[in-house]
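In what follows, chains carry the letters A, B, and so on, assigned in the order in which the sequence lines appear, proteins first and then strands, with residues in each chain numbered from 1. The structure displayed is predicted, hence computed values, not measured ones.
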Amino acid sequence: MPFVPHTQDDIAAMLAAIGVESIDALFDEIPEALRIGTLAAVPAGLAEMEISRLMQARARADGEPLCFIGAGAYDHHIPAAVWQITSRGEFYSAYTPYQAEASQGTLQLLYEFQSMMTALTGLDVSNASLYDGASGLAEAVLMAVRANRKVRSDKVLVPRNLHPAYRRTLQSIVTPQGIELVDIPYDEEGGHISLEALNALESQGPFAALVINQPNFFGVLEEVDDLTDWAQAREALVIGVVNPIALAVLSPPGDWGSQGADIACGEAQPLGMPLSSGGPYAGFLCCRQAFVRQLPGRIVGRTVDLDGKPGFTLTLQAREQHIRRNKATSNICTNQGLLVTAATIHTALLGPEGLERVAAACHANSQRLGTLLCEIPGVEPRFNRPSFHEQALRMPAPTAELLRALAAQQILGGCDLGLDYPELDPALLVCATEVRTEEDMQTYASTLARVLAHA
Amino acid sequence: MPFVPHTQDDIAAMLAAIGVESIDALFDEIPEALRIGTLAAVPAGLAEMEISRLMQARARADGEPLCFIGAGAYDHHIPAAVWQITSRGEFYSAYTPYQAEASQGTLQLLYEFQSMMTALTGLDVSNASLYDGASGLAEAVLMAVRANRKVRSDKVLVPRNLHPAYRRTLQSIVTPQGIELVDIPYDEEGGHISLEALNALESQGPFAALVINQPNFFGVLEEVDDLTDWAQAREALVIGVVNPIALAVLSPPGDWGSQGADIACGEAQPLGMPLSSGGPYAGFLCCRQAFVRQLPGRIVGRTVDLDGKPGFTLTLQAREQHIRRNKATSNICTNQGLLVTAATIHTALLGPEGLERVAAACHANSQRLGTLLCEIPGVEPRFNRPSFHEQALRMPAPTAELLRALAAQQILGGCDLGLDYPELDPALLVCATEVRTEEDMQTYASTLARVLAHA
Amino acid sequence: MLIQEGSKPGRRATAQAPLTRHALDDLPVALRRRARAALPEVSELQAVRHYTRLSQQNFSIDTHMYPLGSCTMKYNPRACHSLAMLPGFLARHPLAPASHSQGFLACLFELQDILKEVTGMHAVSLAPAAGAQGELAGVAMIRAYHRARKDLARTEILVPDAAHGTNPASAVMCGFQVREIPTGSDGDVDIDALTRAVGPQTAGIMLTNPSTVGVFDRNIQRIAAEVHRAGGLLYYDGANLNAILGKVRPGDMGFDVIHMNLHKTFSTPHGGGGPGAGPVGVSARLEPYLPVPLVTREGAHYRWLTEADRPESIGRLTAFGGNMGILLRAYVYARLLGREGMRRVAEFATLNANYLMTQLRAAGFNAAYPQRRASHEFIITLKTEAKEFGVNAMDFAKRLLDYGYHAPTTYFPLLVPECLLIEPTESESKEDLDGFVAAMIAIRDEARTNPELVKTAPHRMPVRRLDDVRAARQLDLAWSPQA
Amino acid sequence: MLIQEGSKPGRRATAQAPLTRHALDDLPVALRRRARAALPEVSELQAVRHYTRLSQQNFSIDTHMYPLGSCTMKYNPRACHSLAMLPGFLARHPLAPASHSQGFLACLFELQDILKEVTGMHAVSLAPAAGAQGELAGVAMIRAYHRARKDLARTEILVPDAAHGTNPASAVMCGFQVREIPTGSDGDVDIDALTRAVGPQTAGIMLTNPSTVGVFDRNIQRIAAEVHRAGGLLYYDGANLNAILGKVRPGDMGFDVIHMNLHKTFSTPHGGGGPGAGPVGVSARLEPYLPVPLVTREGAHYRWLTEADRPESIGRLTAFGGNMGILLRAYVYARLLGREGMRRVAEFATLNANYLMTQLRAAGFNAAYPQRRASHEFIITLKTEAKEFGVNAMDFAKRLLDYGYHAPTTYFPLLVPECLLIEPTESESKEDLDGFVAAMIAIRDEARTNPELVKTAPHRMPVRRLDDVRAARQLDLAWSPQA
């Protein structure tokens, strides 16, 4: 009986104490008709040795392709210390820190995380994480609509160059509440959002909020100051969707425009979370102090104990569903505590200088990759504005076939932009973080050249 | 500066406090001529990301061959919990528990280990480990010679079917102290040590000790009761060299013969230590209570604190080199604490029933492998007595070539007995522990059949 | 001390970042950060020591028992962690093509099948990232179902008063109104009240069974019939699935949609507050609305089903389809248990709960529903103790920490005064349960002889009782360099 | 509670052993175990919880500073652990053929080269499993050298009185007599006494430099000349190599043989008492005697050199050639440091030691050799405090535990009364050192005002001061079921 410690003597003694003959008798309040027989479709139990063998085979099955996909999930170096400490039982198997006195480790760490996120975004307060960047943006939008008391509108401006999966997630989560997402087209040449595009939409307003993605899905840098000022001049709140590694070198949302963005959110995955096939990651969400009571998710505060000694506790729980039920700011309770543990340790180990170096190395690699690939006839940059971290490249042949041919050579050549942006087809979004070497990039370039030559 | 926390301000403040101009000034007592310039042969430092890439490539470089070698190092399932807990910083980076009050974790664990080893060997006391099985045997022999007050002899009987590497290690370590190792030939048919062989050596005695290896290097079971009685009738101490997994089902040294063996030692690797290319492993060493003051290595005792509360501490330190210096029982101080941590957790997770199941599965697999291989013409058991865990098989072709051909098919086919026992050539010692599947063994058999067919 | 307070300008864990500092000159100055972010500057040893020591200030399953009702804090097998963290799984990019994802997708596909079988549902999506997101998805599917039938008048979701707070919150997130149904004195839903409440405005009902009062609702088949007759759907909150795993199936009870908390029933770690995973299972009529992505097998080939394959789907809930690493852990756990092991989960969780309730009652504590079997959990009410000694449920809870037990869930469900909701789970031993009873008795003795000791507990934790009111009034939510 | 005391017959961590119970009927009954071994029978959770909680009762580098003289307790980089534990290294059988060992052997070969370079020796063997085994190997090589020259009258090894206890013990293990050489009042070896002691009976001298009194012996070149002139060889005890790494090389000082403690200088973990690794380096004339195995490169191919290649070798010291996993950790550490990093080790270890000595002296503590530079370590003598307050070095040491500092090495070297041998290492920060000084001052204040507090310390550990005498007199070395 795996994970059940009872001996036969224990069972007998316990049944005797309860006063029943058998364990089955304990289920006697359940209507007989509902009790099931076998679970035929569930396989018989395995020993750890056996499941280990199976999982090792499966983990190995898919090889170790050289990956140049970014598109919202980035392959960064993670210090060995990060997961060795995160995996400690006291973090891994701890409960939500509702009993603050028995959870000071997690609580202090979350407070430190909140402090790191406010430092990176330049905003006042942060929550202790949400599920991921996309669902976090959905919460940001709901929050902005609730919080914007000046413009009572259910409309939110969302750029088309926001990550397509984020756009879909937004759609799933916010539309049942009657919120309308208004698309902002991107500039055909620059890949960015222009003031002209915004002005063209103005008549559809007023808007509760404007979403700005920096860098945007194409890796292109937006003119965040102008966009922020445009929105705030119209009483719309500004939600920045940002990459925490990029924030080490890019202007933080709190500094955007003349007043700063109101809300910032994003995916914390680049801070110490492995690609992991897509999750678990962690969304972060920061805002101005004024909106703190509209902030969803758990928040840790510093307080004092009976002796006046500093300590940490979950606070503002009156916003939350387990207190407010149907009046809560969100239904979210579970967050991504363990991932935040990794993110906090990761960020502490990197520090501001380390994050800057990582960001700069990613930028350098990504530029270098672009240069190498664009030496191939027919490959060229799709947009003409500065990019960061990744690049959209026009391809001289159908991308699906190219990607298949590259994959057969154990190269994952990027994200096929034509799938979500037919107007860009054929184009690839490629990424090379600091972990890709010159040799890796040369391999990609030479393989692509070969593939195209035979295409 | 990896692993150096000093900022420029720190350095300046510290130098000022000391009253020197530079760090170099702190080396001014060292003769100028001795100070070196560059370390040209040492490469420049790498980032963790870079060394990770290098080590991953090297760890992958040698493939994942299917291994049927045993010969003193065994591939067992290790519960995931074992190394997750052993790797915790509090075990991993702890010092030797000289400060007992700050080391109760390690000390209690070592006491539990000692208790497990005495339970497995059936002897009274255990030390807290030695470097490995082979050097542990050397210490056992030194100890036996010191401890045998009845027979003042420097001669020790050592079977030829003891692991060749153990025999060599014994040679290196004990002969500088004038101890003479007398070979006992093994029985040509049975592979075991017969009483006749011992009787034939009797005239060379008296002997301080007899070493008995159960199972022996060939996997053959010795008649340990007879051998023990033979030796003790002649006042020789009996040293059992045993495998802890086998001890779950085989008679423990403490039960051998009419009085039980005096000393037991062996390799603890099968208890939770990965093959690891040969180490670190851990030797264990147990003995009768009467010899405890001759036992080398660290020993943990249970005692009480000022409040009478139980606690654990290193004890009998008067035997050790840091107190007794040149009068110590051994020069050993470091032991294999971290490996003992793994062994203790492993043994707790397996328990007596688990170890029995592992032993029985190893036995069944090893028998099955023997059966499968012996279906191949020309392959047959080399010895005619019961074996455990591994088997010596006569081969119909030169073994070095066979092993090379098998290795080319990613099969490590066993240990070439002819290298150390020319009289057995061509023969292989093969092993299949509980982690080898029927399919693995079939693969070996069919590949060997193919190789032999083309030989 | 905060990691930020141990920071010193210029200190670094040098090995952790690229040794070369690349230029960023090509980026427009206006878009670049002006002042360096106030992040901690510490050495590698400093960080390792800081977080190792912080961890030691936590309770956790690996160190303490958590008899925590509705939260199923049981042993998280260590193999689930190491096998989900195999490099092949960790290095896989979420957008890697199916050609390079077969091993991974096979695990998810089989997990879908296992969850279908144990819940008795027709189809399962693994997409929701947590229980609350599973609820959102479930209610969204109910909404989509009615809308597809143009049945737009169904604006109301029924929720028992004992329900988890996420239930009404999730219903509201999907645009529904919530109507509460009272619990009867025997712990079952007040069936008459329910009958009165259902109607053409009923979109569905959200139920936990066994409920949060720790009993199996004996009228479940009747409830299902009533709601279905009115055209509503039944939602099963899987928080308490551990109580019936392998014994009874929500699908057989008549539920149309269910979410499961893998971090409860399937023993994936709570991780100090997540990540969870909240797969949803549905009956055949809701299948088209399942959130994407799903995994399908075509011949021997696995692939994702996405929006393109499922045009009626309620959509995508996270960017990359869910908490994959958590799903892998649950898969490993399910394979370790196997079908027999699943059944044992419910059996021993129930045995432990009934034994613990029996022993606490024998020790003089009052069960909220003494005439009922406990399911996997049960409620003790400390009303008498609070009145006699002035020591309330929270004081008991805090003092239990000193005795080395995590507090049970307190003051939930709201309908029982001074309550402790206690769920021992199947992985704790009889000795652990006996130890908990002994601690409860000892605390009651203290409450009698030295109430102040209990009222000011805990005393053996890293901090004494914390001032929650101050935390909410004098908000201090982030360290800043000026502070 | 011992794990054995939590055992219950029939309890098991079921997932951890084969599910099938194979028969053993073919084994002769006489050779089989009659009674089951009294090993613990516990659940998986029980074991995980027990050992996790035990671990928390330890001090460790990851949680505490260890200013522990002669032991070099510095940060053990976590990457060294994870990279040495890569599956490819762990799964490799020690007898795997060279064809399947190239990646692994490349690491060892390069480590040999790095160690040669930093010690200035001609050749290195990685075989010794620990420092003491390195010493044994070193002395055995000295013995083999003289024997090969038929120089059999050399029966004596010289050892300074301040030497580590392993030095004389290792010499005796090789059949030598030991003669002690006194230390001069300035901390250097008494050169006159040495000159009187050397002679035709001298096989060699074992020296640590910097010595265990924490100073660099300024006469090292003269010592080397004297011993060599007499036909003896010089052995370098590498315990203190951290002090000079990258700055000075034993080979350049004239040493013929050296062992290194990788678990000190190369930061492999102490692991609660091991495993260590004690590679030996030698001058050209000792190369034939190096212990096997060694790694060689032939073209692009690596292979082991064994007894067959090195017939004059002192032989094999463990069955499979050494603590491979520890060697891999040292290799990773060496590559992370690189040549500049090596030099910084010595520089900052020395800076920290001199700063700490300065601050402690400024606070009124007495250094044993105040006129000398500290190397990486130094000695404080508490003779005055012991006399004035009746509080001895051990009491200070125990009280330091309460302040969160591991005790320095106490009562070693034996020649300094009431001494603390203090080695902060390069990985501790100025703040850590200042904290240690503050603790020392606070304890001295306590010794003055409340000596009993210090004499009965520690007070904040899991146990109070333990009765060592009882431990040695009433031996209790193993739990047994009857007890």
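Proximity to chain C (any heavy atom under 4.5 Å) is shown, for A:A41, by both the backbone and the side chain. Heavy-atom distances place no part of C:R11 under 4.5 Å from chain A, backbone and side chain included. Both the backbone and the side chain of A:N335 come within contact range of chain C, each with at least one heavy atom under 4.5 Å from a heavy atom of that chain. Both the backbone and the side chain of A:E353 come within contact range of chain C, with heavy atoms under 4.5 Å apart. Contacts between C:A171 and chain A at a heavy-atom distance below 4.5 Å are absent for every atom of the residue. With a 4.5 angstrom heavy-atom cutoff, A:S87 touches chain C via backbone and side-chain atoms both. With a threshold of 4.5 angstrom between heavy atoms, C:F89 approaches chain A through its backbone and through its side chain. With a 4.5 angstrom heavy-atom cutoff, A:I299 touches chain C only via side-chain atoms. Only the side chain of A:R298 comes within contact range of chain C, with at least one heavy atom under 4.5 Å from a heavy atom of that chain. Heavy atoms closer than 4.5 Å to chain C are found in both the backbone and the side chain of A:E101. Residue contact with chain A, scored on non-hydrogen atoms closer than 4.5 Å, involves the backbone and the side chain of C:Q133 alike. Only the side chain of C:T358 comes within contact range of chain A, with heavy atoms under 4.5 Å apart. Both the backbone and the side chain of A:Y281 come within contact range of chain C, with heavy atoms under 4.5 Å apart. Interface residue A:L412: only side-chain heavy atoms are found under 4.5 Å from chain C. C:T20 touches chain A through its backbone: at least one of N, CA, C or O sits under 4.5 Å from a heavy atom, while the side chain does not. With a 4.5 angstrom heavy-atom cutoff, C:H64 does not touch chain A via any of its atoms. Contact of A:L109 with chain C is made through backbone and side chain together, with heavy-atom distances under 4.5 Å. For C:R470, the parts sitting under 4.5 Å from any heavy atom of chain A are the backbone and the side chain alike. For C:T350, the parts lying under 4.5 angstrom from a heavy atom of chain A are both the backbone and the side chain. If you measure heavy-atom distances from C:Y75 to chain A, the contacts under 4.5 Å come from the side chain alone. With a 4.5 angstrom heavy-atom cutoff, C:L401 touches chain A only via side-chain atoms. Contact annotation for A:S172: both backbone and side-chain heavy atoms come within less than 4.5 Å of a heavy atom of chain C. Interface remark: C:P462 contributes backbone and side-chain atoms alike to the contact with chain A (heavy atom separation under 4.5 Å). With a 4.5 Å cut-off on non-hydrogen atoms, C:R34 touches chain A through its side chain but not through its backbone. Contact of C:M253 with chain A is made through backbone and side chain together, with heavy-atom distances under 4.5 Å.
C:E347 and A:H6 are not linked by any side-chain donor-acceptor pair at a separation below 3.5 angstrom, with hydrogens and angles left out of the test. Side chains of C:N76 and A:S93: no donor on one and acceptor on the other come within 3.5 Å. Looking at A:T106 and A:S103, their side chains never bring a donor and an acceptor atom within 3.5 Å of each other.
Between chain A and the residues C:I61, C:L27, C:L2, the most heavy-atom pairs under 4.5 angstrom are made by C:L2. When each of A:G63, A:A33, A:S52 is checked for heavy-atom pairs under 4.5 Å with chain C, A:S52 comes out on top. Of all the listed residues (A:T118, A:L355, A:D28, A:V292), the one sharing the greatest number of non-hydrogen pairs under 4.5 Å with chain C is A:D28. Of the listed residues (C:V178, C:L24, C:D252, C:I220), the greatest number of heavy-atom pairs within a distance under 4.5 Å of chain A belongs to C:L24. Interface summary for chain C: among A:L247, A:I51, A:T38, the most heavy-atom pairs under 4.5 angstrom belong to A:I51. Of the listed residues C:E340, C:R343, C:Q474, the one with more heavy-atom pairs under 4.5 angstrom with chain A than any other is C:R343. Top candidate by heavy-atom pairs under 4.5 Å with chain A, chosen from C:G272, C:A37, C:A471, is C:G272. Here C:R373 is the residue among C:M342, C:R143, C:Q57, C:R373 with the most heavy-atom pairs under 4.5 Å with chain A. Chain C forms more heavy-atom pairs under 4.5 Å with one residue of A:I30, A:V125, A:I23 than with any other, namely A:I30. Note on A:A73, A:A165, A:G351, A:A61: by heavy-atom pairs under 4.5 Å with chain C, the leading option is A:A73. When each of C:R32, C:H100, C:K430, C:M461 is scored by its heavy-atom pairs under 4.5 Å with chain A, the top score falls to C:H100. With chain C as the partner, the residue from A:R60, A:E267, A:E223, A:Q114 showing the most heavy-atom pairs under 4.5 Å is A:Q114.
The structure places CG of A:L316 at 6.0 Å from CG of C:L477, a figure rounded to the nearest 0.5 Å. Distance check: A:L275 CG to C:F320 CZ gives 9.0 Å after rounding to the nearest 0.5 Å. The structure places NE2 of C:H406 at 7.0 Å from CE of C:M73, a figure rounded to the nearest 0.5 Å.
Not one N or O on the side chain of C:D62 forms a donor-acceptor pair closer than 3.5 Å with the backbone of A:E90. With hydrogens and angles ignored, the 3.5 Å screen pairs a side-chain donor or acceptor of C:R339 with a backbone N or O of A:V42. The main-chain N or O of C:L336 is never found under 3.5 Å from a side-chain atom of A:E48 such that the two would form a donor-acceptor pair. In this structure, A:E112 contributes its side chain and C:I3 its backbone to a donor-acceptor pair below 3.5 Å. Put simply, the side chain of A:Q177 gets close to the backbone of C:M173: a donor and an acceptor are under 3.5 Å apart. Side chain of C:T166 to backbone of A:N331: no donor-acceptor contact under 3.5 angstrom is found. One N or O on the side chain of C:R249 and one on the backbone of C:E117 form a donor-acceptor pair closer than 3.5 Å. One N or O on the side chain of C:Y66 and one on the backbone of A:Y95 form a donor-acceptor pair closer than 3.5 Å. Panel note: side chain A:R357, backbone C:P18; a donor-acceptor pair is recorded below 3.5 Å.
In this structure, A:P79 and A:L350 approach most closely via the heavy-atom pair CG-CD2, 4.0 Å.
At least one cation-pi condition fails for C:K74 and A:F3: the charged atom is not both under 6.0 angstrom from the six-membered ring centre and inside a 45 degree cone around its axis.
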Show your reasoning for whether side chain to side chain donor-acceptor pair (under 3.5 Å) applies to C:D467 and A:T303.
CA-CA 6 Å; C:D467 187 342; A:T303 182; 4.9 Å; no
Take A:D132 and A:S135, measure what side chain to side chain donor-acceptor pair (under 3.5 Å) needs, and give me the verdict at the end.
CA-CA 6 Å; A:D132 81 331; A:S135 60; 2.8 Å; yes
Would you sort out whether C:L328 and C:V332 count as a side chain to side chain contact (heavy atoms under 4.5 Å, CB included), showing the intermediate values?
CA-CA 6 Å; C:L328 290 176; C:V332 172; 5.6 Å; no
Can you check side chain to side chain donor-acceptor pair (under 3.5 Å) on C:H22 and A:Q367, steps first, answer last?
CA-CA 12 Å; C:H22 292 274; A:Q367 295 299 313; over 6 Å; no
